[in-house]
Amino acid sequence: MRKISVIGAGPAGLIFTYALIKRGYDLTLYSDRTPDQWLNDSTPTGTAGLYRPVVDIERELGMDFWAQEMHPMQGVLLDFKPTIDGSDKLVVCGSFGGDGGAIDQRMRVHRWLCDLEALGGRLVIEAVTPRRLDEIAAGSELTVLAAGKADLAAVIPRHPERSVYSTPQRHLAMVIVAGMRNDHWDDRADFNPVKFDFFSDAGEYFWVPYTHKTAGKTWCVLWEAKPNSPMDIFMDARSATEMVERSKSFIRQYAPWEWEVVKDMRVIEEDPHSWLRGAIAPTVRGAFGRMPCGKPVLPLGDTAITFDPIGGQGGNHASRHAKYLAEQVAARGDEEFDDAWMTRIGEQWWEGYARWAYAFNNILLEPMTEPARVLFMAAVKNRAFADKHFVGNFPKPRDFFPYIEDLEAARDLVEREAKLAT
């Protein structure tokens, strides 16, 4: 059996590991935390909202123990205001085309780590340093780095031509809550939505249906504040309670149509780690990194491409990437995992999926372009268009193109769909 080492025990590293264990490979996974530390002492790194095709990846690998009971994520209900103080509001309602969900990453990782060795893998609890990574790579046929956004990811060089940004575009804040009255959205959405509120001059926030490790069906609130805007009020918050109170205060002032939804919103008291704040610079890294021992290291998931969470692409890309890399490793057979192979599969992944997810996600960080406005207004006016060509494309971002970048193509699409509807 070929000896493969995986550094990082997030969902991407574990999906890759499970996929190859089931194919008979010799896998060692390095985690900086024990299973119980993941469950009890860790902060969720994001909403972990997954679309149905990605939930199916876990199901196919025998890793899905929660989807039947999860708080479903079925589409988007979006309120858009051009200015935070303006009165006009545009609304988009659309379905993803299948039930997804945001299942507490800590619960998933804990279960998968506990099961790993019984399935034939090896688990090593160790905070891997760059020097230790070099030693691991020297003794492995293939070393995969799934360190997420951690400092260790820097061993993979940044791709300067593909990395659109060098600095974060939003100040981020997240808190998991209970007590929301989402029945107030029932007259506007015939499904359980991810609820977005967009302000072009201030930022965005959204509620994601969430399945918490102990509290069950809850909500994850994620704030995407433009620096120095009226929404940028969370970076010095010191507790989940403070996050919730600031959230309520902002919504009462600037989004009063949501006040009945959030007035009883409260923290998850049994979970002191239910919140975070920070900033992410969306980054694309190279096909591999070179270690001092001479061996290449292959990046996976967020280590390969880091997304701002605005478009819900990061976790979905990571899981898809894990499945893709496992398939490529299996297809390699007994051949060497060399530079040429890593470059080739990296380019295939970029051209086939990643570039479209990255481009779509970054478009949401910028002022709305004219092609995007054409698609957006069609989605405002027509629920079927929103289902098919706007919200329905979040799980498959390749289908946004060329329309979201090409004004003529966008107009042609809207005109064609209008004719079909008559």
Side-chain angles (χ1 to χ4, degrees), residues 44-51 71-81 84 89-96 100-104 169-182 184-185 188-189 191-212 217-226 229-234 243-244 246-248 250-252 254-259 261-262 265 274-280 307-316 360-365 368 376 379 386 390-395 397:
T45 56
T47 65
L50 302 177
Y51 303 117
H71 197 181
M73 182 181 85
Q74 298 168 319
V76 164
L77 176 60
L78 182 154
D79 286 317
F80 174 87
K81 293 186 71 175
I84 195 167
K89 181 160 62 76
L90 297 172
V91 179
V92 170
C93 180
S95 169
F96 292 138
I103 300 167
D104 198 324
Q169 301 301 294
R170 298 288 191 273
H171 286 165
L172 306 174
M174 186 201 84
V175 61
I176 303 166
V177 298
M180 281 183 48
R181 293 285 307 280
N182 59 298
H184 287 272
W185 298 328
R188 296 203 286 158
F191 51 80
N192 202 42
V194 176
K195 178 62 177 67
F196 281 77
D197 285 348
F198 270 58
F199 303 88
S200 290
D201 57 347
E204 311 81 25
Y205 61 92
F206 43 99
W207 293 278
V208 178
Y210 194 83
T211 305
H212 185 266
K217 292 182 179 180
T218 49
W219 294 82
C220 186
V221 187
L222 179 63
W223 293 84
E224 293 247 347
K226 293 187 176 183
S229 74
M231 193 182 289
D232 192 12
I233 57 174
F234 298 99
M243 291 277 294
V244 168
R246 293 188 188 191
S247 297
K248 287 183 178 181
F250 179 93
I251 290 167
R252 189 164 198 171
Y254 294 110
W257 63 89
E258 306 283 22
W259 177 244
V261 176
V262 303
M265 188 169 69
S274 63
W275 67 286
L276 58 79
R277 50 184 167 77
I280 297 167
F307 292 79
D308 184 283
I310 190 169
Q313 297 300 316
N316 288 276
F360 163 65
N361 209 72
N362 290 345
I363 284 170
L364 297 179
L365 293 170
M368 189 180 292
F376 178 77
F390 197 77
V391 176
N393 283 344
F394 276 62

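In this chain, residues are counted from 1 in sequence order. Below, all heavy atoms of this structure are taken into account, side chains as well, without hydrogens, waters or symmetry copies.
- Here the NZ-CE distance, from Lys195 to Met180, works out to 9.5 Å after rounding to the nearest 0.5 Å.
- Rounded to the nearest 0.5 Å, atoms CE (Met243) and CE (Met265) are 9.5 Å apart.
- Of the options Ile176, Val177, Val175, a side-chain contact (heavy atoms from CB on, under 4.5 Å) to Trp275 is made by Val175 and by none of the others.
- The side-chain heavy atoms of Thr47 and Pro309, taken from C-beta on, include no pair separated by under 4.5 Å.
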Derivation of the side-chain contact (heavy atoms from CB on, under 4.5 Å) call for Asn192 and Asn182: CA-CA 9 Å; Asn192 202 42; Asn182 59 298; 3.6 Å; yes

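- By the side-chain hydrogen bond (donor to acceptor under 3.5 Å, both in side chains) test, Gln74 pairs with Asp99, sequence neighbours left out.
- With sequence neighbours excluded, the residues forming a side-chain contact (heavy atoms from CB on, under 4.5 Å) with Leu365 are Tyr165, Gln169, Arg170, Glu224, Pro282, Asp308, Ile310, Asn362, listed by chain and number.
- Counting heavy atoms from C-beta outward, Pro395 and Asn316 have side chains that stay 4.5 Å or more apart.
- Counting all heavy atoms, side chain and backbone alike, Val208 lies closest to Ala102 at CG1-CB, 3.7 Å.
- With sequence neighbours excluded, no residue forms a side-chain hydrogen bond (donor to acceptor under 3.5 Å, both in side chains) with Arg277.
- A donor-acceptor pair under 3.5 Å is formed between the side chain of Gln313 and the backbone N or O of Phe394.
- In this structure, Trp219 has its ring center closer than 6.0 angstrom to the ring center of His71.
- Atoms CD1 and CZ, from Ile233 and Arg246 in turn, are 7.0 Å apart once rounded to the nearest 0.5 Å.
- Side chain of Asn361 to backbone of Gly311: a donor-acceptor contact under 3.5 angstrom is found.
- In this view, Lys89 and Asp79 satisfy the side-chain hydrogen bond (donor to acceptor under 3.5 Å, both in side chains) rule, not counting sequence neighbours.
- Using cut-offs of 30° and 60° for the angle between ring planes, the Trp207 and Trp185 rings count as tilted.
- Here the CG atom belonging to Asp104 is positioned 5.5 Å from the NE2 atom belonging to His212, to the nearest 0.5 angstrom.
- Looking at residues two or more places apart in sequence or on another chain, you find no ring pair (Phe, Tyr, Trp, His ring centres under 6.0 Å) involving His171.
- The ring pair (Phe, Tyr, Trp, His ring centres under 6.0 Å) search around Phe191 returns none, not counting sequence neighbours.
- In this view, Trp223 and Tyr205, Phe234, Phe250 satisfy the ring pair (Phe, Tyr, Trp, His ring centres under 6.0 Å) rule, not counting sequence neighbours.
- A 4.5 Å side-chain heavy-atom check between Cys93 and Val76 finds every atom pair outside the cut-off.
- A 4.5 Å side-chain heavy-atom check between Glu204 and Leu364 finds every atom pair outside the cut-off.
- Of the possible polar contacts, none joining the Lys81 side chain to the Asp197 backbone as a donor-acceptor pair under 3.5 Å is found.
- When side chains are defined from C-beta on, Met73 does not count as touching Tyr210, because their heavy atoms never get closer than 4.5 Å.
- Two residues are said to be in side-chain contact when any heavy atoms from C-beta on lie closer than 4.5 Å; Cys220 and Met174 meet this criterion.
- Evaluation of the ring pair (Phe, Tyr, Trp, His ring centres under 6.0 Å) rule for Tyr51 yields Phe96 as partners, not counting sequence neighbours.
- Under the rule for a side-chain contact (heavy atoms from CB on, under 4.5 Å), the partners of Ala379 that lie at least two apart in sequence or sit in another chain are Val92, Phe385, Ala386, Phe390.
- Pairing each heavy atom of Ala202 with each of Ile84, the nearest pair is CB-CD1, 3.8 Å.
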